[in-house]
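Note on naming: letters A, B, ... go to the chains in the order of the sequence lines (proteins, then strands), and numbering restarts at 1 for each one.
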Amino acid sequence: MRIYDTLGTKEKEITSNLIRIYLCGVTVYDESHIGHARTIIIFDVLRRYLESKGSHVKFVQNFTDVDDKIINRASTEGVHPLELSKRYIDHYFEDFDSLNIMRATEHPKATEHMSEIIELIQRLIDSGYAYIALNGVYYSVSKFNEYGKLSKRKTEDLIAGARIAVDETKNDALDFALWKFSETEPNWPSPWGKGRPGWHIECSAMSLKYLGEDFEIHGGGRDLIFPHHENEIAQTEAVTNKPLAKLWMHVGMVTINGEKMSKSLGNIKSVRHVLANWGPNVIRLFCISGHYSKAIDYSEDLLKENLVKWRQVETAYYEMIMSEGQGSSKEMAQILSECNSEFDSALESDFNTSLALNAFFKLVKAINRIAASDSMTKTIADLVISDFERMCQILGLQVQKVTERQRFEITEMINQREALRSQKKFQEADKIRDQIHAQNIVLLDHKNRTVWMKKEKILADP
RNA sequence: GGUGAGGUGGCAGAGCGGUUAUGCGUUCGCCUGCAAAGCGAAUCUAUAGGGGUUCGAAUCCCUUCCUCACCUCCA
């Protein structure tokens with residue numbers, strides 16, 4: 001498959017059978033929001049796709065659990081910083097498990113990798129890339145000739161942009177902290193004095209530890225290109241002398257009314273909030289509805305649009321498992337092979353989830369069309385369902401299933417309703433329908449029979 | 001100011017030199033005891049403006065305008 005590489009500014013073929021991915025995770029000082037979710041969903045689908053093709057994926061996603069923002073927030077709340085970060089790590093897993101995100105192979109935390117971080121900083125000092133100053137240990141940007149290669153920035157331009165904080169103790173305005181001296185907690189002993197790591201070094205240390213010196217894909221949100229990923233490159237490549245990753249993949253921002261979600265604008269939509277209203281499947285569909293590299297604009301209208309699509313998926317699934325129509329499977333076999341190849345080739349070509357979704361919905365619509373004409377046979381359903389489920393698996397979509405017992409009970413109720421309907425006792429029949437409804441079961445009355453489906457309960461669904 | 005990514009029908013969104021992608025929406029119909037869901041048909045001939053290259057441009061080049069992101073923490 002080919003993916004656009006931010007560093008090389010062109011698409012690159014991924015051929016290896018072992019695919020090591022490092023995704024920059026969140027700094028755990030607050031609830032995760034939909035912007036985080038988009039990046040994580042994109043990488044989750046990527047990983048699922050690669051695994052479905054038989055690749056071995058080693059997926060590492062970190063938590064930055066020591067940082068100034070965590071410390072500040074903790075002090076406002078009057079709790080220990082590590083207690084705060086633990087709380088948000090717990091929340092992270094609650095949210096993202098609910099979103100049906102596969103757990104990474106490793107979820108390393110900065111605080112659990114101090115020895116690796118200290119060792120890496122020491123190597124940078126020893127090789128002359130870092131120096132000890134009054135407030136901490138700094139990386140000397142001017143020593144790294146290729147600085148700016150990822151973000152396409154020249155160091156002159158960076159200096160010209162007068163937004164860099166002036167710090168008298170640094171040798172150069174562009175230098176950034178590897179280690180910040182601190183006498184207060186959280187702090188750790190180091191050869192240079194008690195303190196805590198700077199922002200970028202934990203990712204260098206942990207990616208080296210878990211994925212080695214030149215893994216396949218390094219990713220994150222677009223906003224991490226500078227300075228985070230640029231600095232990771234500087235730190236890691238200074239000691240390894242080889243490209244940190246073969247490919248850099250960056251996910252576009254989620255905006256609201258065209259503007260990026262941010263604390264200062266107060267337009268954050270938390271994952272828990274959106275999840276409570278729309279559920280995991282609608283959010284996942286929304287997040288992959290456009291090409292990953294572009295921004296997507298959050299709106300209730302678009303969520304609503306994806307809700308409608310999700311209902312079509314649920315319908316298609318139940319039409320298949322309850323199929324008993326008469327008809328030939330020729331047409332479906334043709335459509336199926338088209339959809340399969342369109343789905344895969346879309347993802348092969350720079351992970352175009354938008355087009356892959358088109359192929360998926362083409363299949364969904366074909367299933368519903370055939371079911372509507374009462375010609376969905378068991379043969380067709382058997383032919384289609386495994387591919388349908390393959391796509392769902394890759395996209396991380398989960399239709400609500402029912403137990404055999406529920407199935408039996410519902411069938412009983414439907415039979416009662418049918419009996420009442422044939423006697424034209426519609427009021428009583430509708431009462432049963434309402435009872436079934438209360439269990440989130442929707443009846444789909446076809447010409448000669450009634451099919452039913454279990455709907456995901458979605459609060460926003462009127 | 002610098003750097004990068006963009007501007008496609010009411011909305012979303014592909015295509016990135018050569019059949020009016022597609023989806024949602026809207027309208028009308030079918031189905032139904034009524035619904036719901038689904039299906040069918042119709043609707044919209046779009047490519048920011050202006051130049052140019054070409055037999056042919058949404059796609060390439062120039063130019064103007066606009067938007068967003070990054071340059072400070074950010075997924």
Please classify the nucleic acid contact of [X] as base, sugar-phosphate, or nothing, using heavy-atom distances under 4.0 Å.
X      : value
A/S262 : nothing
A/S151 : sugar-phosphate
A/G252 : base

Spacing of the [atom1] atoms in [M] and [N] (rounded, Å):
N      : M      : atom1 : result
B/rU43 : B/rC34 : P     : 29 Å
B/rU19 : B/rG25 : P     : 30 Å
B/rU53 : B/rC62 : C1'   : 10 Å
B/rG7  : B/rU59 : P     : 11 Å

Requested in this report: Scan side-chain atoms only and decide if A/Q400 and A/Y318 contain a donor-acceptor pair under the 3.5 Å cut-off.
Outcome: no

Query raised in the report: What residue among A/N62, A/T39, A/V60 forms side-chain contact (heavy atoms from CB on, under 4.5 Å) with A/L23?
Result: A/T39

Query raised in the report: Can you give one letter per nucleotide of nucleotides 30-36 of chain B, 5' to 3': B if a protein heavy atom sits under 4.0 Å from the base, S if only from the sugar-phosphate, - if neither?
Result: ---BBBB

Requested in this report: Spell out protein contact along nucleotides 15-26 of chain B as letters: B when the base is contacted, S when just the sugar-phosphate is, - when no protein heavy atom is under 4.0 Å; keep the 5' to 3' order.
Outcome: S-----B-BS--

**Report entry** Side chain of A/N368 (C-beta onward), nearest among B/rC70, B/rC39, B/rA75
**Finding:** B/rC39

Query raised in the report: Pairs in or reaching into residues 92-111 of chain A: which pass ring pair (Phe, Tyr, Trp, His ring centres under 6.0 Å), with residues at least two apart or in two chains?
Result: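 Those involving residues 92-111 of chain A are A/F63-A/Y92, A/F63-A/F93, A/F63-A/H107, A/Y92-A/F96, A/F93-A/H107.
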
Query raised in the report: Looking at residues at least two apart in the chain, or sitting in another chain, which of them share a salt bridge (Lys or Arg N to Asp or Glu O under 4.0 Å) with A/E216?
Result: A/R20, A/K246

**Report entry** Partner set under salt bridge (Lys or Arg N to Asp or Glu O under 4.0 Å) for A/E331, not counting sequence neighbours
**Finding:** A/R369

Requested in this report: Assess the pair A/H291 and A/Y4: is the distance between their ring centroids shorter than 6.0 Å?
Outcome: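 No, too far apart.
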
Query raised in the report: To the nearest Å, how far apart are A/D297 CG and B/rG13 P?
Result: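 For the pair A/D297 CG and B/rG13 P, the rounded distance is 8 Å.
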
Query - Contact residues, residues 271-290 of chain A to RNA chain B [heavy atom, < 4.0 Å] - result: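 Residues of residues 271-290 of chain A that come under 4.0 Å of RNA chain B are, in numerical order, A/S289, A/G290.
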
**Report entry** Note: A/R87-A/D90 ion pair, threshold 4.0 Å (strictly below)
**Finding:**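 Answer for the salt bridge query: no.
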
Query raised in the report: Is A/Q427 atom CD crowded by more than 12 heavy atoms from other residues, nucleotides or ligands, each under 6.0 Å away?
Result: no

Query raised in the report: Is a donor on one side and an acceptor on the other found under 3.5 Å between the side chain of A/E348 and the backbone of A/M1?
Result: yes

